[in-house]
S.K.: 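Sharing a structure below in structure tokens format, with a few things to ask.
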Amino acid sequence: MSGFGKGCHLHLIDGSAFIFRAYHALPPLTRKSDGLPVGAVSGFVNMLQRYVEGNSGPDAATHVAVIFDYSGKSFRNEIYDQYKAHRPPAPEDLVPQFPLTRDATRAFNIACHEIEGYEADDIIATLSCQARDLGGRVTIVSSDKDLMQLIGGGVEMLDPMKNKRIGVEGVEEKFGVGPERVVDVQALAGDSVDNVPGAPGIGIKTAALLINEYGDLETLLDRAGEIKQPKRRQTLIDNREQIEVSKRLVQLDCNTPLDFSIDDLEVRDPEPEALLGFLSAMEFRTVSKRIADKMGVDSPVIPDKTPEGADPIAADAPAQVPFDADAYECVRDADALRKWVAAAYEVGYVAFDTETTGLNEMVVDLVGVSLSSVAGQACYVPLGHKSSAADDLFGGDALAEGQMDMNEALEILKPMLEDESILKIGQNIKYDAKILARYGVNVAPIDDTMLMSYALNAGLHGHGMDALSEQYLSHNPIEIKSLLGTGKSAITFDRVPVDDAVKYAAEDADITLRLWQLFKPQLHQKKVTTVYETLERPLVPVLARMEMAGVKVDRDTLSRMSNAFAQKMAGLEDEIKQLAGRDFNVGSPKQLGEILFDDLGLPGGKKGKNGAYSTGADILEDLATEHEMPRKVLDWRQLSKLKSTYTDALQNHINADTGRVHTSYLQTGASTGRLASTDPNLQNIPIRSEEGRRIREAFVAEQGKTIVALDYSQIELRILAHVAGIDALKQAFRDGQDIHAMTASEMFDVPMDQMTSDIRRQAKAINFGVIYGISGFGLARNLRIPRAEAQGFIDRYFERFPGIRTYMDETVAFAKEHGYVETLFGRKIHTPEIGAKGPQAGFAKRAAINAPIQGTAADIIRRAMIRMDHAISELPAKMLLQVHDELLFEVDQGAEDDLIAVARDVMENASDPAVKLDVKLSVDAGTGANWAEAH
DNA sequence: CCTGTCACG
DNA sequence: GACGTACGTGACAGGG
């Protein structure tokens, strides 16, 4: 066997990082037989398994090792006794798992090494140098920036989280200098995580600037006196020794004494017996089975025994700490804030919340931030509270005393909020992320308790924090109303006294943390982790970007329409009052009812539960044959709606700075998985009537750009064809037929070439009816035909497509048995009313039938949106809006075709590979200067 | 604050 | 046998 050399490829896996990631990513699982904590081991095994599976192709390793930190002090503590001094001891339940991860590595037949007195990074450095000198390639599997100094000359890093390779350019992007100067920059910038001091006040940006100017650290320090900025100059002169120590701390050692050689690291196939033996000893049933299947051997039998009295759920429940508002801290200076940031680093996560002057993220100001990393312990950092008017003769616009400078606080918080190793937990964190984005902070990675609640319990209850706190923590939080008041006299949060704000804001962070601790393991137990991780969590940044992008709305167009509507309405109003014989408020259904049914004595007056006549559009439509007034009222109402809701209200939503309208998407608004759009709702802009449709002309592209709209064609009927297994429907979609005409032909025995628009219209109504959980009454009302006739249609439909009936019955039965229904992607929609008696039973049944269809369509477009972000990143295009089955883009003129090709591909394949649909998805596209043209 | 009405998919 | 019924949303105006 020849030794390591040219053509060889060494993979070095940062084992310790794997362990911590696994520990934080997974709920605290225990071995069933004896309660040994094995969550981290389980995650570690999964990562190794994925690594082994992916190790093929041109980048495959010929040699591989997993490298661990040796527990205890390293030689760096002799250089600087405070090195990594802020690191807390490993969590109690993680400690026994350390040796098990070594066992796991060996079980996979992968070399595993650690050396006393050295860190994993040093071993990785030494092996990288050796491999490079021998002419081979190296891939370091880690996202630790301290390892970036090793890159170059055939050495690359692979970020396993993002599955992204990092080469020399990646280093330059991160540090502003090449790999050989990374240590110089780190020596200056220091590192709060490892407690490397560096030069106070100098961060990576400034450090890179200085190093690039002077060449290297030694030259810089020697010539520090030449620096123009007095503060910088003094810092470097005063802290020379500290900077030199820092460099020795960050410099990795390429001469670690190894008790093995690279040749010992050659890749070996796992031995089934050893690997399965280890997995069954750990009682990992799922992985055992998967690996056994892969290896083509029998999976080991793992006894399923639970010790008497053990309650795994109860063991997982977070500790009950009483709520204590007096325990919350008000943070007023940098040192205090740094302590809270350090606390986040200790555990690797932090719940945080922002307080602002209002609810419109695009406009409001930041007033304060609250943090919590341990239940019961939380702080509030007031930043923008105004002094009370009584203290300030100049109208109370001065900042209150005892607050940190906003920029200083953000400088301390930003590295932590952007640190990939620190999980930021929020309740509706999209809101906080958007606020902070306007202050130059890009919050990531994130978890969101609102979305967790939604993935777990959609259909059971709302997902606002107050409701969740009450239900799951038995704690009623302070109401914001009690601080701000209501109505006209309401104040903004910056006017709330700081002492009151602390109690309210810190409590929110505390509650969020506790909810997270509660929900996180439940995701796993309730099997909704995939839904949360693939359909909820990654959508947050996508929606945030769309909302911030906004859509350009032309004020003049709206204003002109508004005037035209007003004129027409005035004319109609005169005519209506003339016909009524007296003056009244046309916009009042109550008064209108009295005119129609009492004064004019028209037939069919039905009083509702509060004694008023019903005057809905369908009733007026029927009355239109009796009298000419109802038609005029209908016309008036349409104009009134268009004017008040669209041409007038929309103008007020145009952002003064951007000239665009920025909606907010609510991810948890609809139980089925659909989004909801608010402030303003851009998912109900008119299209069905010709007059309403023209409002879309006001949604325009910027100069030099084009609006592109892509929408799924018949997505819900396609999903119905799949889930109900209707072959005729599937075939029709495959053949590209007119689906409603085909339904009509099938039902009414009319050949396709003799189809009339009226028959087709009826079939279309039936097709939609099926999706909604059809009833004879509903169809009769929709088609304005006798109920018996409608029922006949339905019977015939079921006869021709018997799969539909089966689907409906099975779905209702499933809902009754489980209390929920599911989409094809595993989203659970709860149906608590399914067992109800009375009219609600009908509602619940139809909702249960509709939910998997509407929900699966919603899941598909969510997947498309999540992938779209990356897919169009190279194009001069932005995704602006989602309207359930449609995506709206703005793209540079000339790039429309490129965008359509990419976006259509993403949308049509959005269900792959999780779900293989029997029916192809089809997407229509349109372009134009405005939304009306593009549709 | 609730209800009726109507805009969308 | 009667009861009421298409599914999912949000915004606005009127009225207490």
Side-chain angles (χ1 to χ4, degrees), chain A residues 458-459 486-487 584-593 608-621 633-634 636-650 652-653 663-666 668-689 691-693 695-696 711-712 714-717 720 765-783 787 790-791 794 821 829 831 837-855 857-858 861 881-886 935:
Chain A
T486 54
F584 76 106
N585 184 347
V586 182
S588 165
K590 186 168 170 272
Q591 293 177 32
L592 177 67
K609 49 190 154 189
N610 48 22
Y613 290 111
S614 182
T615 64
D618 47 351
I619 292 185
L620 296 187
E621 201 70 52
V633 174
L634 282 169
W636 181 90
R637 276 195 184 160
Q638 189 197 6
L639 294 172
S640 164
K641 181 77 177 182
L642 295 177
K643 182 170 185 297
S644 67
T645 310
Y646 300 103
T647 56
D648 288 350
L650 220 38
N652 299 325
H653 283 285
T663 184
S664 289
Y665 287 103
L666 188 60
T668 58
S671 61
T672 52
R674 274 196 179 177
L675 301 176
S677 160
T678 64
D679 306 301
N681 181 355
L682 295 186
Q683 291 182 322
N684 72 344
I685 303 301
I687 191 168
R688 292 174 188 167
S689 79
E691 269 177 317
R693 186 192 185 97
I695 288 170
R696 295 188 175 220
D711 67 289
Y712 284 107
Q714 309 286 6
I715 187 166
E716 292 191 351
L717 275 176
L720 175 72
I766 299 167
N767 275 333
F768 279 108
V770 168
I771 293 171
Y772 298 148
I774 200 159
S775 78
F777 183 92
L779 183 65
R781 203 177 65 169
N782 194 289
L783 286 177
R787 200 183 141 171
Q791 192 56 54
I794 293 168
V821 292
I829 298 134
T831 54
K837 296 266 175 272
Q840 284 151 332
F843 274 123
K845 270 190 194 174
R846 291 191 296 272
I849 289 164
N850 172 260
I853 301 170
Q854 189 183 113
I861 198 166
L881 299 179
Q882 188 251 42
V883 193
H884 308 309
D885 65 356
E886 171 184 2
H935 207 281

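Owing to the predicted nature of the structure, the values given are computational and were not obtained by experimental measurement. First the proteins, then the strands, lettered A, B, ... as listed; each starts at 1. Side chains are part of it too, since the values below use all heavy atoms of this structure and drop only hydrogens, waters and symmetry mates.
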S.K.: DNA chain C in dot-bracket, Watson-Crick or G-U pairs under 3.5 Å, [ ] crossing, | other strand?
M.R.: ......|||||||||.
S.K.: Taking only the side-chain heavy atoms of Leu634(A) (C-beta and beyond), determine which of dC6(B), dG9(B), dA7(B) contains the nearest atom.
M.R.: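 Between dC6(B), dG9(B), dA7(B), the one nearest the side chain of Leu634(A) would be dC6(B).
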S.K.: Do the side chains of Leu682(A) and Leu650(A) get nearer than 4.5 Å, heavy atoms only?
M.R.: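 Contact flag for Leu650(A)/Leu682(A) side chains = yes.
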S.K.: Which part of the nucleic acid, if any, lies within reach of Ala851(A) when heavy atoms closer than 4.0 Å are counted: base, sugar-phosphate only, or nothing?
M.R.: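 The residue Ala851(A) makes no contact with any strand.
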S.K.: Is any side-chain heavy atom of Thr645(A) closer than 4.5 Å to a side-chain heavy atom of Lys641(A)?
M.R.: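 Touching, per the 4.5 Å side-chain cut-off.
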S.K.: In whole Å, measure the gap between the P atoms of dC6(B) and dA6(C) for me.
M.R.: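 So the two P atoms sit 15 Å from each other.
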S.K.: Without swapping roles, check the side chain of Arg696(A) against the backbone of Ile685(A) for a donor-acceptor pair under 3.5 Å.
M.R.: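 Checking the backbone N and O of Ile685(A) against the side chain of Arg696(A), a donor-acceptor pair under 3.5 Å is found.
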S.K.: Which part of the nucleic acid, if any, lies within contact of Asn684(A), taking any heavy atom under 4.0 Å across all strands shown: a base, the sugar-phosphate backbone alone, or nothing?
M.R.: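 Since a base atom lies under 4.0 Å of Asn684(A), the category is base.
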S.K.: Reckon Phe768(A) touches a base, only the sugar-phosphate, or nothing at all at heavy-atom distances under 4.0 Å?
M.R.: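 It contacts nothing in the nucleic acid.
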S.K.: In terms of the nearest nucleotide of DNA chain C, which residue is placed more toward the 5' end: Asp679(A) or Arg674(A)?
M.R.: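 Looking at the nearest nucleotide for each, Arg674(A) comes out on the 5' side.
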S.K.: Using chain A heavy atoms and a threshold of under 4.0 Å, write down where along DNA chain C the contacts begin and end, 5' to 3'.
M.R.: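 Extent of the interface on DNA chain C: dG4(C) to dG15(C).
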S.K.: OP1 or OP2 of dG9(B) versus the side-chain N and O atoms of Thr672(A): is any pair under 4.0 Å?
M.R.: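 Answer no for this pair, as no side-chain N or O of Thr672(A) is under 4.0 Å from OP1 or OP2.
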S.K.: Compare all side-chain heavy atoms of Thr668(A) with those of Leu666(A) and state whether any distance is below 4.5 angstrom.
M.R.: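 A side-chain contact under 4.5 Å exists here.
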S.K.: I need the CD1-C1' distance between Ile695(A) and dC6(B), as an integer number of Å.
M.R.: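 So the two atoms are 13 Å apart, to the nearest Å.
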S.K.: Assuming nearest nucleotide by heavy-atom distance, tell me which of Ala765(A) and Lys641(A) is located more 5' along DNA chain C.
M.R.: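 Going by which nucleotide is closer to the 5' end, it is Ala765(A).
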S.K.: Under 4.0 Å, heavy atoms only, any strand: does Ala858(A) hit a base, just the sugar-phosphate, or nothing?
M.R.: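 Ala858(A): no heavy atom of the nucleic acid under 4.0 Å.
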S.K.: Any base atoms under 4.0 Å from Asp885(A), or only sugar-phosphate, or nothing? Heavy atoms, all strands.
M.R.: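 The answer is sugar-phosphate, as Asp885(A) gets under 4.0 Å only of primed atoms, P, OP1 or OP2.
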S.K.: Please state how far atom CG in Leu650(A) lies from atom C1' in dC8(B), giving the value in whole angstrom units.
M.R.: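 Value for this atom pair: 14 Å.
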S.K.: Are any non-hydrogen side-chain atoms of Arg637(A) and Leu592(A) less than 4.5 angstrom apart?
M.R.: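 The answer is yes, as the side chains (C-beta and beyond) meet within the 4.5 Å cut-off.
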S.K.: Can we say Glu621(A) and Arg781(A) salt-bridge, meaning some charged N sits less than 4.0 Å from an Asp/Glu carboxylate O?
M.R.: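 Here Glu621(A) does not pair with Arg781(A) in a salt bridge, since their nearest N and O are not under 4.0 Å apart.
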S.K.: Is there side-chain contact between Leu779(A) and Tyr772(A), with at least one heavy-atom pair below 4.5 Å?
M.R.: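 A side-chain contact under 4.5 Å is absent here.
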S.K.: Under 4.5 Å between any side-chain heavy atoms of Leu675(A) and Gln683(A), yes or no?
M.R.: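 The answer is yes; the side chains approach within 4.5 Å.
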S.K.: So, is Arg637(A) near the phosphate of dG4(B), with a side-chain N or O under 4.0 Å from OP1 or OP2?
M.R.: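 Indeed not, no polar side-chain atom of Arg637(A) lies that close.
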S.K.: Determine the contact category for Ser640(A): base if any of its heavy atoms lies under 4.0 Å from a base atom, sugar-phosphate if only primed atoms, P, OP1 or OP2 are that close, otherwise nothing.
M.R.: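 No contact at all - Ser640(A) keeps every heavy atom at 4.0 Å or more from the nucleic acid.
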S.K.: When you get a sec, tell me which of dG9(B), dG4(B), dA7(B) is the closest nucleotide to the side chain of Pro589(A)?
M.R.: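 Minimum distance to the Pro589(A) side chain belongs to dG4(B).
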S.K.: Considering every strand and a 4.0 Å limit on heavy-atom distances, what is the contact class for Glu886(A): base, sugar-phosphate, or nothing?
M.R.: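 Touches nothing.
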S.K.: Report which part of the nucleic acid Arg693(A) touches: base, sugar-phosphate, or nothing (heavy-atom distance under 4.0 Å, all strands).
M.R.: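 No contact at all - Arg693(A) keeps every heavy atom at 4.0 Å or more from the nucleic acid.
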S.K.: List in chain and number order the residues that pass side-chain hydrogen bond (donor to acceptor under 3.5 Å, both in side chains) with Ser689(A), two or more places apart in sequence or in another chain; answer none if no residue qualifies.
M.R.: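 Gln638(A).
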S.K.: Given the P atoms of dG4(C) and dG4(B), what is the spacing between them in whole Å?
M.R.: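 Those two atoms are separated by 15 Å.
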S.K.: Under 4.0 Å between any heavy atoms, over every strand shown, what does Gln638(A) touch: base, sugar-phosphate, or nothing? Just pick one.
M.R.: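 If one applies the 4.0 Å heavy-atom cut-off, Gln638(A) turns out to touch the sugar-phosphate alone, with no base involved.
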S.K.: Can you name the nearest heavy-atom pair linking Asn850(A) to Ile771(A), along with the distance?
M.R.: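 Scanning both residues, the minimum pair turns out to be ND2-O, 3.1 Å.
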S.K.: Whole-Å distance between dG4(B) P and Lys590(A) NZ?
M.R.: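 Going from Lys590(A) (NZ) to dG4(B) (P), I get 13 Å.
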S.K.: Report the distance from atom CD1 of Ile619(A) to atom P of dC6(B), rounded to the nearest whole Å.
M.R.: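 Rounded to the whole Å, the gap is 10 Å.
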S.K.: Over how many whole Å does the gap from Gln683(A) atom CD to dG9(B) atom C1' extend?
M.R.: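 Whole-Å distance recorded here is 8 Å.
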